[in-house]
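Protein chains get the first letters and strands the later ones, always in sequence-line order, with residue 1 at the start of each. Predicted, not measured: the structure shown is a model, and the values here were computed from it.
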Amino acid sequence: MIDLALLRREPDAVKAALARRGVSSATMDAIIALDVEHRGLLQEAEGLRAEVKFLSRLVGEARRGKDLETAALLTEKSRVLGDEERQATEATERVGALLRDELLQVPNIPADEAPDGDDEKDNVEVRRWWVGMDDGLALPTYAEHQRVAHWDIGTELGILDMESGAKLAGSMFPLYRGDGARLLRALGSFALDRHRDAYEEIRPPSFALTETMMSTGHLPKSADDMYAIERDGLWAIPTAEVPLTSMHRGEILDEARLPIRLTAQTACFRREAGAAGRDTRGLLRVHEFDKVELFAYCTPEQAEAAHGDILGRAEGILQALGLTYRVLDLCTGDLGTSSARTIDLEVFSPGVDRWLEVSSVSWFRDFQARRANVRYRQGDGSTALVHTVNGSALAWARTWAAVVETHRQPDGSIRLPDVLRPYLGGQTTIGPKAS
RNA sequence: GGAGGGAUGACAGAGCGGCCGAAUGUACCGGUCUUGAAAACCGGCGUGGGCUUGCCCACCGUGGGUUCAAAUCCCACUCCCUCCGCCA
């Protein structure tokens with residue numbers, strides 16, 4: 001949620017910034033009008049309330065003084081005022097709810113550095129990385145044996161079985177098996193261990209309450225994109241960002257503890273409503289995937305460094321796995337609602353010949369913290385909202401696909417990245433399948 | 001799933017329906033004293049909102065209700081603790 005006080009103070013600046021991501025100034029004017037109305041009603045209601053309280057006190061005093069006649073008179077007067085107060089409060093709450101609903105629809109103010117643009121076509125490619133680049137080697141070309149889609153490799157080596165997944169849970173629920181399952185496990189363990197030096201590992205619940213989803217902004221906006229367990233009022237988390245953002249919900253953190261850096265690997269559940277049929281083969285887009293998330297609560301001053309650290313770690317994993325990737329600076333039109341600035345990482349997967357998004361590193365400013373009410377106490381004793389930053393390092397389904405396709409050998413086997421060997425009992429290859 | 005107990009400020013812990021936003025203790029901050037520290041003493045010390053910046057309003061697990069007036073009474077829910085049952 002954006003800062004209403006800022007909107008009051010500098011309406012033109014806020015409108016100009018939001019116009020960069022397509023929010024009309026009429027929308028903001030409507031919110032400003034609602035705010036004015038709300039505050040007017042609030043004053044009226046609070047004034048009446050103060051009178052009722054005052055009269056009630058007099059009733060008490062009159063009763064103690066045995067002046068029952070005065071007491072009865074005041075009681076009646078207060079009762080009438082109380083009715084008025086109830087109506088005024090009702091009106092205040094109604095307008096307040098309207099104002100809040102409108103405000104929740106407003107996306108975050110984009111960072112100045114975020115490039116202008118309407119949609120993903122306007123994202124700015126910042127750089128690419130590939131194995132050997134630092135030694136002056138050219139962008140790799142890929143041989144025929146690497147031009148095989150992971151779903152075919154998966155079937156050939158018996159390591160990915162989309163059909164069984166579909167049988168169990170419907171399409172787009174992958175089932176990894178054998179060395180494929182082990183590879184997935186190794187990727188997660190490798191990443192979590194790598195982040196251990198600075199990030200506390202968390203294993204949160206995979207479900208969250210409606211209230212929790214609200215505080216992260218996933219509800220009500222993205223209700224259709226999430227799986228719900230209605231009977232228990234729970235939602236399957238679409239990312240570990242949900243539990244991590246809510247861990248300190250409603251708390252005032254000690255400034256000395258910041259930045260608080262957390263990492264978690266969880267399953268991520270996404271209904272992908274509306275995406276049916278598009279880019280859905282194999283692991284390109286699935287309803288459930290594992291992801292290691294990096295997250296930090298920090299002061300505004302620490303935010304930039306924290307964001308950079310997460311990006312660096314995500315890139316570090318891709319480099320360690322020997323994968324080619326590119327770095328995209330998301331334009332204002334493609335930013336997620338809550339984000340002020342986002343850098344995406346896309347890995348190149350030669351078998352399907354496409355760049356696949358495997359990480360999204362975002363800086364939310366105080367947008368998430370305002371809704372989740374996470375603050376910190378500053379040196380002078382005052383409180384301020386924290387900044388939150390997060391990023392994936394990494395989303396494993398697509399990474400798994402890129403690893404398998406990139407490292408496929410002429411004989412059909414997969415050469416495993418060196419860094420994963422400790423997690424695979426020293427194993428160096430998968431397949432070829434013994435016939 | 002069953003029975004009982006509980007939820008109040010950073011923590012501990014009081015609170016007859018009526019100057020209770022809340023006693024007291026600890027912690028914390030400032031001061032006096034001291035060479036310094038400790039102790040002692042004095043003062044301060046929740047969060048958010050509104051405006052006419054001094055006042056007003058809200059908040060005692062959550063949501064309803066009763067009342068002129070609710071931390072206090074009633075109802076529902078959530079969570080925690082103890083015991084029983086069940087269980088990977």
Which nucleotide sits closest to the side chain of E46(A): C68(B), C51(B), G49(B)?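 Nearest to the side-chain atoms of E46(A), counting from C-beta on, is G49(B).
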
Go through G49(B), C19(B), C68(B) for me and flag the one nearest to the L42(A) side chain.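 Of the options given, the side chain of L42(A) lies nearest G49(B).
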
Classify [X] by what it touches in the nucleic acid, base, sugar-phosphate, or nothing, heavy-atom distance under 4.0 Å.
X	answer
T75(A)	base
R8(A)	sugar-phosphate
R63(A)	base

[atom1]-based separation of [M] from [N] [nearest Å]:
N	M	atom1	value
G43(B)	U26(B)	P	14 Å
A71(B)	A23(B)	P	15 Å
U24(B)	C56(B)	C1'	29 Å
C29(B)	U35(B)	C1'	24 Å
A70(B)	A14(B)	P	25 Å
G61(B)	G9(B)	C1'	14 Å
G4(B)	U8(B)	C1'	22 Å
G48(B)	C42(B)	C1'	31 Å

Please verify the inter-ring angle class for Y227(A) with F269(A); under 30° counts as parallel, over 60° as perpendicular, anything in between as tilted.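 Plane angle over 60°, so perpendicular.
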
Give the rounded distance in Å between these two atoms: [atom1] of [X] and [atom2] of [N].
X	N	atom1	atom2	answer
K53(A)	U67(B)	NZ	P	19 Å
R57(A)	G17(B)	CZ	P	20 Å
L253(A)	U47(B)	CG	P	14 Å
R49(A)	C56(B)	CZ	C1'	12 Å
E44(A)	G49(B)	CD	P	22 Å
R64(A)	G17(B)	CZ	P	14 Å
D35(A)	C51(B)	CG	C1'	13 Å
R375(A)	G48(B)	CZ	P	5 Å

Is [N] paired to anything, Watson-Crick or G-U wobble with both distances less than 3.5 Å, and if yes, which nucleotide?
N	value
C41(B)	G31(B)
A88(B)	none
A3(B)	U82(B)
G21(B)	none
U66(B)	none
U26(B)	A10(B)
G61(B)	C77(B)

Got a list of side-chain donor-acceptor pairs under 3.5 Å for residues 383-394 of chain A, not counting sequence neighbours?
residue, atom, partner, partner atom, Å
H387(A), ND1, W363(A), NE1, 3.2
T388(A), OG1, Q368(A), OE1, 2.7
N390(A), ND2, E241(A), OE1, 2.9
N390(A), ND2, E293(A), OE2, 3.3
S392(A), OG, S360(A), N, 3.2

Closest-nucleotide 5' rank along RNA chain B - winner of L58(A) and E76(A):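 Taking each residue's closest nucleotide, the earlier one in sequence belongs to L58(A).
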
Does R39(A) make a side-chain donor-acceptor contact with the base of G49(B), cut-off 3.5 Å?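 There is none.
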
Verify the contact: side-chain N or O of T383(A) to OP1 or OP2 of G46(B), cut-off strictly under 4.0 Å; return yes or no.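 Checking T383(A) against G46(B): no side-chain N or O falls below 4.0 Å of OP1 or OP2.
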
OP1 or OP2 of U47(B) under 4.0 Å from side-chain N/O of R377(A):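 For U47(B), OP1 or OP2 has a side-chain N or O of R377(A) closer than 4.0 Å.
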
Answer yes or no: is there an ion pair linking [X] with [Y], defined by an N-O contact shorter than 4.0 Å?
X	Y	value
R408(A)	E156(A)	yes
E76(A)	R79(A)	yes
R185(A)	D290(A)	no

L345(A) vs E357(A), test: side chain to side chain contact (heavy atoms under 4.5 Å, CB included). Steps then yes/no. CA-CA 6 Å; L345(A) 296 182; E357(A) 181 185 334; over 6 Å; no

Using residues 55-63 of chain A as the side-chain source, report each donor-acceptor pair under 3.5 Å to any protein atom, sequence neighbours left out, with the distance given to one decimal.
residue, atom, partner, partner atom, Å
S56(A), OG, V52(A), O, 2.9

